[in-house]
2 protein chains.
Amino acid sequence: MATPLRIVEVDKLKTACSTCSLHELCLPAGLSASELKSMDRMIDIRRSLKRGDHVFRAGAALHALYAIRTGFMKSSVLHEDGREQVAGFHMMGDLIGMDAIGTGQHLCDAVVLEDSEVCEIPLKSLELLSREIPSLQQHFHRIMSREIARDYGVMLLLGSMRAEERLAVFLLNLSQRFAARGYSSTEFHLRMTREEIGSYLGLKLETVSRTLSQFQAQGLVAVQNKHLRILKIDSLRELVGQHGCRI
Amino acid sequence: MATPLRIVEVDKLKTACSTCSLHELCLPAGLSASELKSMDRMIDIRRSLKRGDHVFRAGAALHALYAIRTGFMKSSVLHEDGREQVAGFHMMGDLIGMDAIGTGQHLCDAVVLEDSEVCEIPLKSLELLSREIPSLQQHFHRIMSREIARDYGVMLLLGSMRAEERLAVFLLNLSQRFAARGYSSTEFHLRMTREEIGSYLGLKLETVSRTLSQFQAQGLVAVQNKHLRILKIDSLRELVGQHGCRI
DNA sequence: CCGCCATTTTGATTTGCGTCAAAACAGTAA
DNA sequence: TTACTGTTTTGACGCAAATCAAAATGGCGG
């Protein structure tokens with residue numbers, strides 16, 4: 001009986017917060033070793049998900065928040081008439097599901113765009129533990145707040161930027177997030193379709209495609225289908241917030 | 001010396017959570033009498049603000065969150081080139097400043113549109129108290145989550161609705177919030193300018209004005225400058241999510 | 001009360017992006 | 001390989017909302 005037990009243990013270790021390479025990016029950031037152990041006890045379910053799977057659906061009851069270990073997903077709000085608005089793209093270290101705490105029901109669908117692994121964090125356990133560990137409490141609040149701050153940025157984008165600016169902001173944001181996770185900031189795969197990018201940016205897929213082609217023609221990026229290379233990151237940055245700026 | 005002391009006490013009582021008419025709408029919702037007392041101890045600063053005042057400015061360090069007792073305000077994100085995006089309108093019972101918890105710095109300006117009174121809630125005290133009072137902790141999380149959910153709704157609006165729909169959603173949202181506070185759901189004053197409405201909705205002020213005039217011509221509302229009366233609330237509701245709907 | 005300034009309305013015109021359409025391309029399964 | 005499907009690109013055209021402009025209205029201070 002020793003062998004299977006050890007396998008289980010190795011498996012558990014492999015996916016524990018304390019040994020997870022993301023723990024400085026994820027919810028347990030800044031916790032001590034013993035506090036990490038408490039986190040490990042709280043998170044006992046990890047789910048593997050395939051492209052196309054839903055982490056949760058709009059309307060479903062909130063069971064847990066989900067920390068992304070690997071992979072890539074989108075969250076999208078659906079309008080009754082079928083219109084879809086992508087509210088965000090999420091990658092490892094991100095925490096999703098926080099929109100559901102208010103009502104107990106998920107507001108958006110979370111759809112897997114690239115095979116992923118998520119850690120289920122029961123809300124009740126998180127609340128309990130964050131009453132005991134002030135730095136966990138603080139960090140959870142920071143994460144929710146950062147989501148609000150991100151949303152304000154998206155509102156600025158959707159409310160007052162032209163197509164080129166929106167796309168530039170989008171690429172710079174992806175770049176910065178990949179960099180923060182140790183990946184290249186200038187070369188990456190777009191896991192989503194042009195239509196999903198468009199939905200996120202409040203544009204039609206044709207406009208996204210045209211604008212990308214335009215960036216390519218200007219030598220700002222090199223795009224080949226889903227593979228993207230940023231060639232002139234500073235020019236992209238300049239592009240944002242110029243607008244024609246007649247002030 | 002008795003008289004001035006009593007005046008102070010009356011003044012304190014008047015503004016305590018335990019006697020505040022908003023306590024079922026505001027942060028202390030659902031707390032017991034003794035828990036309300038603890039809230040009272042935490043909130044000892046109330047500020048009176050005049051139209052045009054800032055509750056906080058973008059870039060300023062986070063000192064406290066602010067619960068609105070009376071009045072009306074907007075929060076707006078500024079782009080370096082001067083573009084302003086109104087991220088929300090806030091009224092009594094609302095909690096503002098949560099965007100700053102993540103970085104410790106406010107991301108947006110909170111500007112008073114109608115003389116207001118706010119309660120300062122030091123974040124540290126709130127964290128401390130919510131570790132002791134689980135229902136306060138839960139409710140604080142719900143409030144942050146509702147802000148995220150609201151933001152998703154605004155994204156849907158900005159990303160995929162036409163002008164008429166945006167304005168209809170805006171009016172219905174105001175209507176519903178006034179109703180929740182015991183005011184008329186069909187007749188109210190718009191405290192903001194057409195330009196501020198436009199900024200919030202991702203439209204220009206002329207479009208807001210034109211669309212309001214159109215609603216008036218259709219008999220949906222009666223507008224007279226800032227005074228608005230909703231005449232056919234169901235028609236407004238129908239207008240949202242029709243879009244031409246060829247599905 | 002008047003005059004001033006900010007706000008709002010309305011009209012004429014422009015334009016950026018959406019819509020429609022079709023071809024090119026990539027990925028998958030047989 | 002070939003056929004099939006979903007995605008992307010590119011072009012031509014139309015439209016909703018922006019822009020430009022000017023008049024009307026409202027509110028405030030003197």
Side-chain angles (χ1 to χ4, degrees), chain A residues 50-52 74 83-86 111 113-115 157-168 170 189-218 221-228 239 242-247, chain B residues 50-52 74 83-86 111 113-115 157-168 170 189-218 221-228 239 242-247:
Chain A
K50 296 241 157 280
R51 178 174 165 75
K74 69 171 175 181
R83 272 178 284 178
E84 180 197 34
Q85 172 69 31
V86 172
V111 182
L113 299 181
E114 177 193 52
D115 293 4
L157 181 146
L158 291 172
S160 51
M161 290 189 184
R162 40 184 24 310
E164 301 151 42
E165 292 180 288
R166 294 185 197 197
L167 201 66
F170 171 73
H189 271 273
L190 300 169
R191 304 296 179 180
M192 68 297 282
T193 65
R194 301 286 189 266
E195 186 165 24
E196 286 162 337
I197 298 174
S199 170
Y200 181 60
L201 299 178
L203 302 170
K204 290 290 154 188
L205 68 101
E206 294 94 330
T207 305
V208 172
S209 177
R210 267 185 252 275
T211 309
L212 272 177
S213 301
Q214 180 199 316
F215 282 179
Q216 173 142 289
Q218 293 167 332
V221 303
V223 227
Q224 194 171 18
N225 206 24
K226 305 236 187 215
H227 186 82
L228 189 126
L239 210 155
Q242 294 245 326
H243 182 242
C245 194
R246 70 187 71 80
I247 305 165
Chain B
K50 296 239 158 280
R51 179 174 164 75
K74 68 171 175 181
R83 271 176 286 176
E84 181 196 34
Q85 172 70 30
V86 172
V111 182
L113 299 182
E114 176 193 53
D115 294 4
L157 181 148
L158 291 172
S160 52
M161 290 189 186
R162 38 175 38 303
E164 301 151 42
E165 291 179 289
R166 295 185 197 196
L167 202 66
F170 171 73
H189 270 273
L190 301 168
R191 304 297 180 179
M192 68 298 280
T193 66
R194 301 287 189 267
E195 186 165 23
E196 287 161 337
I197 297 174
S199 171
Y200 180 60
L201 299 178
L203 302 170
K204 291 291 154 185
L205 67 101
E206 295 94 330
T207 306
V208 173
S209 177
R210 265 186 255 275
T211 310
L212 273 177
S213 301
Q214 181 199 314
F215 283 180
Q216 173 141 288
Q218 293 168 332
V221 302
V223 225
Q224 194 169 20
N225 206 25
K226 306 238 185 215
H227 186 82
L228 189 127
L239 211 156
Q242 294 245 327
H243 183 244
C245 194
R246 69 186 71 81
I247 304 164

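First the proteins, then the strands, lettered A, B, ... as listed; each starts at 1.
Residue Leu203(A) is in sugar-phosphate contact alone, with no base atom involved, counting any heavy-atom pair closer than 4.0 Å across all strands shown. Gly202(A) comes within contact range of the sugar-phosphate backbone alone, with a heavy-atom separation under 4.0 Å but no base atom that close.
The side chain of Glu206(A) has dA21(C) as its nearest neighbour among dA21(C), dA17(D), dA21(D).
With DNA chain C read from its 5' end, the first of the two nearest nucleotides for Gln224(A) and Thr207(A) is the one closest to Thr207(A). Nearest-nucleotide mapping onto DNA chain D: of Lys226(A) and Arg210(A), the residue sitting toward the 5' end is Lys226(A).
Put simply, CZ on Arg162(B) is 13 Å from P on dG18(C), counting in whole angstrom units. Rounded to whole Å, the distance from NZ on Lys204(B) to C1' on dT19(D) is 9 Å. The distance between atom CG of Leu190(A) and atom P of dA26(C), rounded to the nearest whole Å, is 16 Å. Taking atom CD of Glu196(A) as the reference point, atom C1' of dG6(D) lies 12 Å away to the nearest angstrom. We find that CZ of Arg51(B) is positioned 12 Å from P of dG27(D), with the value rounded to whole Å. dA18(D) atom P lies 14 Å from atom CZ of Arg83(B), rounded to whole Å. If you measure from atom CG of Leu205(B) to atom C1' of dT9(C), you get 10 Å, rounded to the nearest angstrom. The NE2 atom of His227(A) sits 15 Å away from the P atom of dT8(D) (whole-angstrom rounding).
Close to dT9(D), at under 4.0 Å from its OP1 or OP2, lies a side-chain N or O of Arg194(A). When the side-chain nitrogen and oxygen atoms of Thr193(A) are compared with OP1 and OP2 of dT7(D), none of them lie within a distance under 4.0 Å. For Ser213(A), a side-chain nitrogen or oxygen approaches OP1 or OP2 of dT10(D) to under 4.0 Å. Contact check, Ser209(B) against dT8(C): no side-chain N or O comes under 4.0 Å of OP1 or OP2.
Within a 6.0 Å radius of CD in Glu195(A), other residues, nucleotides and ligands contribute 12 heavy atoms or fewer.
In this structure, Leu158(A) and Arg166(A) approach most closely via the heavy-atom pair O-NH2, 3.2 Å. Shortest non-hydrogen contact noted between Val223(A) and Arg194(A) is CG1-NH2, 4.1 Å. Among all heavy-atom pairs drawn from Glu84(B) and Ser199(B), the shortest one is O-OG, 3.0 Å.
Salt-bridge annotation for Arg51(A) and Asp115(A): absent, with no side-chain N of the basic residue lying under 4.0 Å from a carboxylate O of the acidic one.
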